[in-house]
2 protein chains.
Amino acid sequence: MRSSTEYIEKLRKSGLRPTKQRITICELLFNTDKTFHFTINDLTKIIEFNSNQKISLATVYNTIHAFQKKGYLKEIAINSSQTYFDTNISAHHHFFDEKEKKLIDLEDEDVYPIKIKKTIPGKKIKSVEVLVKIDKI
Amino acid sequence: MRSSTEYIEKLRKSGLRPTKQRITICELLFNTDKTFHFTINDLTKIIEFNSNQKISLATVYNTIHAFQKKGYLKEIAINSSQTYFDTNISAHHHFFDEKEKKLIDLEDEDVYPIKIKKTIPGKKIKSVEVLVKIDKI
DNA sequence: ACATTACTTTAGAATAATTATAAAATTGGT
DNA sequence: ACCAATTTTATAATTATTCTAAAGTAATGT
Ligand SMILES: [Mn+2]
Ligand SMILES: [Mn+2]
Ligand SMILES: [Zn+2]
Ligand SMILES: [Zn+2]
């Protein structure tokens with residue numbers, strides 16, 4: 001359980017005003033050792049059940065996008081009707097269970113290093129992400 | 001330029017009735033040596049400019065999903081407002097240029113083989129896809 | 001503390017890709 | 001030709017996300 005003053009500092013340093021809503025969302029996202037994956041819909045429910053506050057949907061979207069731009073969240077590329085975000089911002093890969101619609105982290109040691117031999121003139125690599133789709137045996 | 005009778009056969013064998021619309025879409029998608037990536041929006045324009053026929057949007061969606069289910073198309077996992085499809089159905093990876101919103105194939109020899117060490121009990125791997133996001137240097 | 005300004009939140013409307021509906025058209029088999 | 005099953009179509013519905021603009025809050029200077 002980190003103190004909210006820590007998030008106030010973090011937000012201020014990022015040029016984001018530490019509002020009640022942002023602090024609440026920080027607490028719900030980052031006040032845990034475990035990182036996790038979520039959709040906006042998931043987060044809305046988390047807020048509903050774990051805080052006394054009602055935060056408007058627009059603010060949830062605004063906040064998540066602001067946090068993502070600041071690098072506090074990662075967006076995971078999968079084809080889904082909803083966008084997935086990750087509180088684990090380290091470079092890592094994923095399993096995706098399409099039935100359960102759940103992401104599972106692959107740690108660095110779970111995947112042999114990826115080497116891309118091809119280059120595109122005038123372009124540089126921004127990220128390399130592996131998505132492993134899994135299914136019932 | 002393949003003959004349309006070839007597509008009629010292909011469709012019949014798949015249990016899909018060879019309708020005018022499906023044959024047209026087959027011709028536009030598969031009558032070329034080069035494979036390519038497209039969205040439904042792209043395909044709609046391709047149909048408009050390269051066939052005398054008007055195919056309703058619902059039919060375009062229906063047909064593409066039918067072809068995908070039969071394995072004639074692959075859906076590419078990226079976060080975009082539109083779904084991308086690929087006429088290259090071989091297992092392969094992609095560059096994605098987020099500015100241009102364009103996919104570029106990575107050939108097998110462009111990427112060292114991916115090895116996943118982690119396993120999930122009761123689950124088997126269905127696919128392994130690498131997405132390399134690129135940007136202006 | 002008060003005033004001023006900039007930023008943020010909010011409810012609700014708008015947008016846009018995709019899916020559903022159900023009637024009309026087409027296909028394949030007899 | 002006839003019939004049943006499938007397909008196409010126009011249109012409506014759905015739904016995640018973004019936009020809008022008014023009201024609220026935070027930061028800053030006096
Ligand atoms: Mn987004
Ligand atoms: Mn789809
Ligand atoms: Zn993750
Ligand atoms: Zn491809």
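Just so it is clear, the model here is predicted, and its values are computed rather than measured. Per chain, numbering begins at 1; letters A, B, ... match sequence-line order.
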- Taking D:dT6, D:dT9, C:dC7 as options, the one with an atom nearest any side-chain atom of B:R17 is D:dT6
- Report which part of the nucleic acid B:N41 touches: base, sugar-phosphate, or nothing (heavy-atom distance under 4.0 Å, all strands). nothing
- Task: Decide yes or no on salt bridge (Lys or Arg N to Asp or Glu O under 4.0 Å) for B:E98 and A:K126, but give the supporting numbers first.
- Result: CA-CA 10 Å; B:E98 281 180 311; A:K126 249 180 59 185; 2.8 Å; yes
- Message: Quick check on D:dT7: is either OP1 or OP2 less than 4.0 Å from any side-chain nitrogen or oxygen of B:R22?
- Response: yes
- Task: Please check the phosphate of C:dA17 (OP1 and OP2 only) for any side-chain N or O of B:T83 closer than 4.0 Å.
- Result: no
- Whole angstrom is fine here: how far is it from CG in A:L11 over to P in C:dT8? 10 Å
- Message: Let me spell it out: for each of B:G15 and B:L57, pick the nucleotide of DNA chain D with the closest heavy atom. Which residue's pick is nearer the 5' end?
- Response: B:G15
- For the residue pair A:Y84 and A:F96, does the interplanar ring angle fall in the parallel (under 30°), tilted (30 to 60°) or perpendicular (over 60°) class? perpendicular
- Rounded to whole angstroms, how far apart are CG on A:N62 and C1' on C:dA11? 13 Å
- Calculate the interatomic distance between A:I23 atom CD1 and C:dT8 atom P; express it in whole Å. 13 Å
- Given C:dA16, is OP1 or OP2 found less than 4.0 Å from the side-chain N or O atoms of B:S81? no
- Query: Of A:K54 and B:I40, whose closest DNA chain C nucleotide lies nearer the 5' terminus?
  - Reply: A:K54
- Message: D:dT18, OP1 or OP2 - any side-chain N/O from A:H65 closer than 4.0 Å?
- Response: yes
- Could you state the atom-to-atom distance from NZ of B:K69 to P of D:dT7 in whole Å? 11 Å
- Item | Short side-chain to backbone donor-acceptor contact, A:K124 and B:K136, under 3.5 Å | yes
- Can you tell me the distance, in whole Å, between the CG atom of B:N79 and the P atom of D:dA16? 15 Å
- B:K101 NZ to C:dA16 P, straight-line distance once rounded to whole Å: 14 Å
- Item | Whether B:H37 and B:H92 hold their rings parallel, tilted or perpendicular, with breakpoints at 30° and 60° | tilted
- Message: Looking at D:dT9, I'd like to know if its phosphate oxygens (OP1 or OP2) sit under 4.0 Å from a side-chain N or O belonging to B:K20.
- Response: no
- Note on the structure: Picking from D:dA10, D:dA27, C:dG28, the nucleotide nearest the side-chain atoms of B:P18 would be C:dG28
- Note on the structure: B:I64 CD1 to D:dT7 C1', in whole Å, measures 15 Å
- Message: For a quick test of reading the model: is some side-chain N or O of A:Y61 closer than 4.0 Å to OP1 or OP2 of D:dT17?
- Response: yes
- Between D:dT7, C:dT10, D:dA10, which one does the side chain of A:S56 approach most closely? C:dT10
- When you match B:A58 and B:R12 each to their closest nucleotide on DNA chain C, which lands nearer the 5' end? B:A58
- Message: Counting the atoms with a prime plus P, OP1 and OP2 as sugar-phosphate, which does A:T19 contact under 4.0 Å by heavy atoms, base, sugar-phosphate, or nothing?
- Response: sugar-phosphate
- Item | Donor-acceptor contact present, side-chain A:T39 to main-chain A:T83, <3.5 Å | no
- Note on the structure: Atom CD1 of B:I55 and atom P of D:dT7 are separated, to the nearest Å, by 15 Å
- Query: Would one find a side-chain N or O of B:Q21 under 4.0 angstrom from OP1 or OP2 of C:dT26?
  - Reply: no
- Can you name the closest pair of heavy atoms from B:S4 and B:I23 and give their distance? CB-CG2, 3.8 Å
